[in-house]
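Order of the sequence lines fixes the chain letters, A, B, ..., with proteins taken first and strands second; residue numbering starts at 1 for each chain. No experiment lies behind these values; they were computed from the predicted model shown. No hydrogens, no waters, no symmetry mates; every other heavy atom, side chains included, goes into these values.
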Amino acid sequence: MARTLATDEHPAIAPLRKIVGVKGILSHRDELIVYECDGFSVAKGLPLAVIFPTDTQQVAACVEILNGHDLQIIPRGSGTGLAGGAVAYGPGIIICTSRMNRIENIDMQNRFAVVQAGVRNLALSDALTGTGLHYSPDPSSQRASSIGGNASTNAGGINTLKHGVTTNHILGMEMVLADGTILNARCGGLYDGIGPDLPGLICGHEGTFGIVTRVWCRLVPKPSHRRTVYAVFDSTFNACKTVSDVIADGILPTSMEIMDESMIRIVEDAFHFGFPTDARAMLLIEIDGIDQVLDEQLEQIIHIAQDNGAQNVEGCSDEARRDQLWSARKKAFGAVGRVSHSYCTQDACVPRSMLPDVMVKVGEIGRKYDIQITNVFHAGDGNIHPILLFDEDDPEQVQRTLRASQEILEHCIDIGGTPTGEHGVGVEKLHLMDRMFTPDTIDTFKKVKFCFDPDGRINDAKKIPSDKTFIELVKPIAANVPGGAL
Amino acid sequence: MADQESSNATVTIDHADDLSSLVRDCVERQQPIVDYGIAHAHLGYPPPPRHVRLVQRGAVIEHYDRDMTLRAAAGATMGELNEHLRSRNQFLPIDADSDLTLGEVICHNVYGPLRATYGAIRDLLLGLRYVDGLGRQIHVGGRTVKNVAGYDLSRFMVGSLGQFGVVYEATIRTYSIPHRVFCVELQFNDATVVDALLGEWLLTDAAPGWMLLKMTEDGAIVRLGYFGRATACEVQVRALESMLCGRDDVQIMGTDRRSLGDDADQRGARRRWRREATGLCKVIVPPACTGALCKALSQWAADHALINVDALPVHGCVFAGGTIDGDFALAMDQQINQLIDRVGGRRVWYRRPEPVDAIDPYGPAGPDLSILGALKHTMDPNDLLNPGRFVRPLPGPLLGSQEELV
């Protein structure tokens, strides 16, 4: 491909090139297009350059150079974020950690791994194959997403109900701050520290405190035995109630996932798994533990599902059948692309017992705005992902989609939930922060950010509103990106 | 509210608004507010001479039993909370004495052997409300089990020693009370055998729900528990017997079936010495060094005085101390520092015998102390909340040397 000549190269770029090498920087417009957005394709901004350091010292050196220029620094892992957190607004340089991909140490005895921030989540799992240990957080993006990115967004996933989200599995973090200093937050693999839990604060900062460069990951025994329950219901309400009843009965599954009627049809039409297309909801539950007692729990779950009117319940220990069922779940988002060129995936979380009513409300909002909404979600966590289908060529429909999304999220906040359970705020949900938090709390967030980044040079106006940078999302036409959201 | 004009007045607070008022009044008077807790009253530096001592009352605010979450005032004690939860067959899986308040548990990151199954308080905490050093009420997190809106100040407050805000309310996860607890007592000839075994042990069905190591004259006793249905516990005990079969360095001394309440009571009784000790030090090391550190410390102490050493091998946490005098504590501190220098670790003195100034309670400053100082300055700009206990505020962000902070 012919490259556009950089006739007006920013003066910061040449010294950056000296640090990361010619192959460690992109600064031509046609190369930068890939980096103008993350998985949230509505938020777009072309960076002046993207640099690819290979270690912490290079990151620190690049940040020091950028200190001399009035440029935003935007940390980026694999670009799989779903909230626009890795987009360059205004003149900015993206520091991409994808080449910081070394697993530096796996300490089996002390059960932790030290990885550079750009190591892919699945790469660590692969490296641990056969050891009996694993890194538990498993976001859907785990093939592509990086551990530094997961830590920065406090990524969730399917198995978080029992085993926790990213913050529960991070022991320490190294981060380069805005002035180029390297912050060491409980690095070293100890399971406790003295004083406040700084890694806990940094986890989920969405790249607004600094650039995470290394992560100390807690490793845990990998469950060796599991069972899966598949249940079909005549209403989403009953499927949701089953979720709540199972947990209230003292069982803590690793995952509880629901697909609603339209999603079952979408998946079945696409992949022909043999699901009943007249079902109103499908619930997948997985339990793990000691082999000899899992069957007892399986029966318990089946009884609860039947008590809630499940029409068809199947418990299985067969790995092939299990893989098929979970494959259906994991392919759901991809299948949506077959029926709608554009769709908007939302990410709210509510107390689990409110799920039945919330799903009814989501349906009402869809009807009110005449927008088709299909649902596949982490029911055990109360983490809903309504997917709003729309035609991007119809501006009026796009506006209705936006209003419907907004109403869903506001409803979830108003009943005690949150507008984001795992995707993050980024720029997408900035406008909801005032509804979620009190002014004093927002002010505290700003001051906390100031402690790490006093001049607002690192990813400003992401995660929390900024007094310095104002981002107004122009939201009409979403690109046709699977998983992308408005 | 009591008269807080007098020196070292104790003020009892029932409501968040009263707490905000108290903090604002103290800001005006530049009077420190101190809440060091019950079990941690002697941790770190002593409070400043003229201060207001804060006591919070509390209770369960809401128990969302179907969501398995509890919202409670920070002044509620663990005993009160568990008493409430028991009626719904739930509990808070934190090894904390029943007289400790929820606020103390959070601010001092109290945990025990149950952490092996349920995590520590940082893993259970969903939402937090606190009053900052300006008297403002800050609400973070909430009722949901996943939440990435806003910065996670809930977790930041865990272990904060009450220096960044006065926690007045928390929402936490609860768990179902296990059907049964099977306990096993093992005698190890040598504590380092525990280190060698543990890695593989945790990968088997014999992985315990909790584990506590106690040094004795004959080696180490490891007590452990399995939770769940009787059938599950039996499978685990058999797996343990199978794992240890043929070994001559460890013996099963006995097994015991208990209710969760009895199990918690017995663990509580075994850690009671920590509350009675005149000198108590907590040491954090890599988990695979736990037994080695316990052994070295016990061997060293055997020539000098009788001390207690117990540990959580799964998490590399060791408690050492007893009825000791200042000279012995100083010598013990030097010994601990030498040991952790070799393997990497940290230590903190929960209680130091007189003369307390001979021992630095926290040891060398961590590399994150500079940013903690900046955060302290932000959240408590007048340095009124438990001042000087661990982190002193910086005048500005990231300024000053670490030596100036502690």
Side-chain angles (χ1 to χ4, degrees), chain A residues 108-111 132 153-154 156 160 164-165 167-168 183-185 188-198 200-201 203-205 221 244 247-248 250 290 292-293 296 349-353 381-383 416-422 424-425 436-438 440-441 444-445 447-448 450-451 454, chain B residues 64 66-69 119 122-123 132 136-140 142-153 155-161 164 176 199 202-203 205 207 229 231-232 235-236 284 286-288 315-317 344-346 348 362 366-368 371-372 374-375 378-379 390-391 397-398:
Chain A
M108 294 295 296
Q109 283 297 308
N110 293 302
R111 305 181 307 281
T153 54
N154 192 12
T160 60
V165 295
T167 192
N168 305 113
L183 174 66
N184 172 326
L190 298 178
Y191 280 65
D192 192 5
I194 293 172
D197 190 339
L198 196 54
L201 173 63
C203 203
H205 71 122
S244 200
I247 294 174
I290 296 166
Q292 291 89 331
V293 295
E296 195 179 335
C349 199
V350 296
R352 193 185 300 121
S353 60
D381 300 320
N383 188 185
T418 170
T420 175
E422 57 184 6
V425 175
M436 179 78 190
F437 297 107
T438 64
D440 284 342
T441 303
T444 298
F445 289 156
K447 287 177 173 168
V448 167
F450 180 87
C451 290
Chain B
Y64 314 101
R66 286 180 61 78
D67 292 326
M68 317 242 355
T69 54
R122 80 185 298 281
D123 303 304
D132 71 7
R136 304 183 306 175
Q137 294 175 19
I138 309 299
H139 305 174
V140 285
R143 277 179 62 186
T144 58
V145 295
K146 286 159 87 176
N147 188 352
V148 292
Y151 293 130
D152 194 348
L153 289 167
R155 246 163 282 276
F156 181 70
M157 286 290 173
V158 172
S160 65
L161 309 178
F164 296 79
S176 294
L202 295 178
L203 301 181
D205 283 348
R229 293 174 181 277
T231 46
V235 167
Q236 293 194 279
I284 308 295
H315 295 104
C317 175
R346 303 290 303 270
V348 57
Y362 298 109
D368 54 2
I371 197 82
L372 292 178
L375 288 162
T378 284
M379 296 162 80
F390 176 54
V391 181
L398 305 180

_Side chain / backbone / both / neither for B:F164 at chain A, heavy atoms under 4.5 Å_ = side chain
*Taking it one step at a time, do B:Q137 and A:D440 satisfy side chain to side chain contact (heavy atoms under 4.5 Å, CB included)?*
CA-CA 7 Å; B:Q137 294 175 19; A:D440 284 342; 6.0 Å; no
*Quick one: of A:G250, A:G382, A:P419, A:A248, who has the most non-hydrogen atom pairs under 4.5 Å with chain B?*
A:G250
*Does the side chain of A:F437 reach to within under 4.5 Å of the side chain of B:H139, using non-hydrogen atoms?*
no
*Please tell me if the side chains of A:L198 and B:L372 come closer than 4.5 Å, counting only heavy atoms from C-beta onward.*
yes
*Below 4.5 Å from any heavy atom of chain B, which atoms of A:I194 appear? Answer side chain, backbone, both or neither.*
both
*Contacting region of A:T153 [heavy-atom separation from chain B under 4.5 Å]*: backbone
_Interatomic distance, A:I247 atom CD1 to B:M68 atom CE [nearest 0.5 angstrom]_ = 8.0 Å
*Is it the backbone or the side chain of A:V448 that comes under 4.5 Å from a heavy atom of chain B, or both, or neither?*
both
_Sequence-distant partners of B:T144, side chain to side chain contact (heavy atoms under 4.5 Å, CB included), two or more places apart_ = A:C349, A:P351, A:T418, B:N147
_For chain B, the option from A:E296, A:Q109, A:H205 that forms the most heavy-atom pairs under 4.5 Å_ = A:E296
*Salt bridge flag under 4.0 Å for residues A:D197 and B:R122*: yes
*asked:* Taking side chain as everything from C-beta outward and backbone as N, CA, C, O, which of these in B:Q236 sits under 4.5 Å from a heavy atom of chain A? Side chain, backbone, both or neither.
replied: side chain
*If we only count heavy atoms from C-beta on, is the B:K146 to A:V165 side-chain gap below 4.5 Å?*
yes
*So which of B:T231, B:I284, B:L202, B:V145 has the biggest tally of heavy-atom pairs under 4.5 Å with chain A?*
B:I284
_Between A:T444, A:L201, A:N383, who has the most heavy-atom pairs with chain B when the cutoff is under 4.5 Å?_
A:L201
_Interface moiety of A:Q292 toward chain B, non-hydrogen atoms closer than 4.5 Å_ = side chain
*With only heavy atoms counted, which part of B:V348 is less than 4.5 Å from chain A, the side chain, the backbone, both or neither?*
both
_Please check this pair: side chain of B:D67 against backbone of A:S353, looking for a donor-acceptor N/O pair closer than 3.5 Å._
yes
*asked:* Using heavy-atom distances under 4.5 Å, tell me whether A:M108 contacts chain B through its side chain, its backbone, both, or neither.
replied: neither
*chain B contact via A:R111 - side chain, backbone, both or neither, heavy atoms under 4.5 Å*: side chain
*Would you please test B:R346 and A:L190 for side chain to side chain contact (heavy atoms under 4.5 Å, CB included) and show each step?*
CA-CA 9 Å; B:R346 303 290 303 270; A:L190 298 178; 4.0 Å; yes
*Output all residues satisfying side chain to side chain contact (heavy atoms under 4.5 Å, CB included) with A:N110, sequence neighbours left out; order by chain, then residue number.*
A:D107, A:F112, B:P286, B:P287, B:A288
*A:I290 CD1 to B:D205 CG distance, which is reported to the nearest 0.5 Å*: 5.0 Å
*Looking at A:C451 and B:A374, what are the two nearest heavy atoms and their distance?*
SG-O, 3.4 Å
_Best-contacting candidate, B:G142, B:G316, B:G119, B:G159, against chain A by heavy atom pairs under 4.5 angstrom_ = B:G159
*Looking only at heavy atoms, what is the nearest atom pair of B:D152 and A:G200, with distance?*
CB-O, 3.5 Å
*Shortest non-hydrogen contact between B:R143 and A:G416, atoms and distance*: CB-O, 4.2 Å
*Which atoms of A:N168 come close to chain B, meaning under 4.5 Å heavy atom to heavy atom: side chain ones, backbone ones, both, or neither?*
both
*Sort B:S176 into side chain, backbone, both or neither according to what part of it lies under 4.5 angstrom from a heavy atom of chain A.*
side chain
_I'd like to check B:L153 versus A:T441 (side-chain heavy atoms, cut-off strictly below 4.5 Å). Are they in contact?_
no
*Give the C-alpha distance, both sets of side-chain angles, the deciding distance and a yes or no for side chain to side chain donor-acceptor pair (under 3.5 Å) between B:R136 and A:T438.*
CA-CA 10 Å; B:R136 304 183 306 175; A:T438 64; over 6 Å; no
*Identify which part of B:R229 has an atom lying under 4.5 Å from any heavy atom of chain A, answering side chain, backbone, both or neither.*
side chain
*asked:* Please report the interatomic distance CD1(B:I138) to CZ(A:F445), rounded to the nearest 0.5 Å.
replied: 8.5 Å
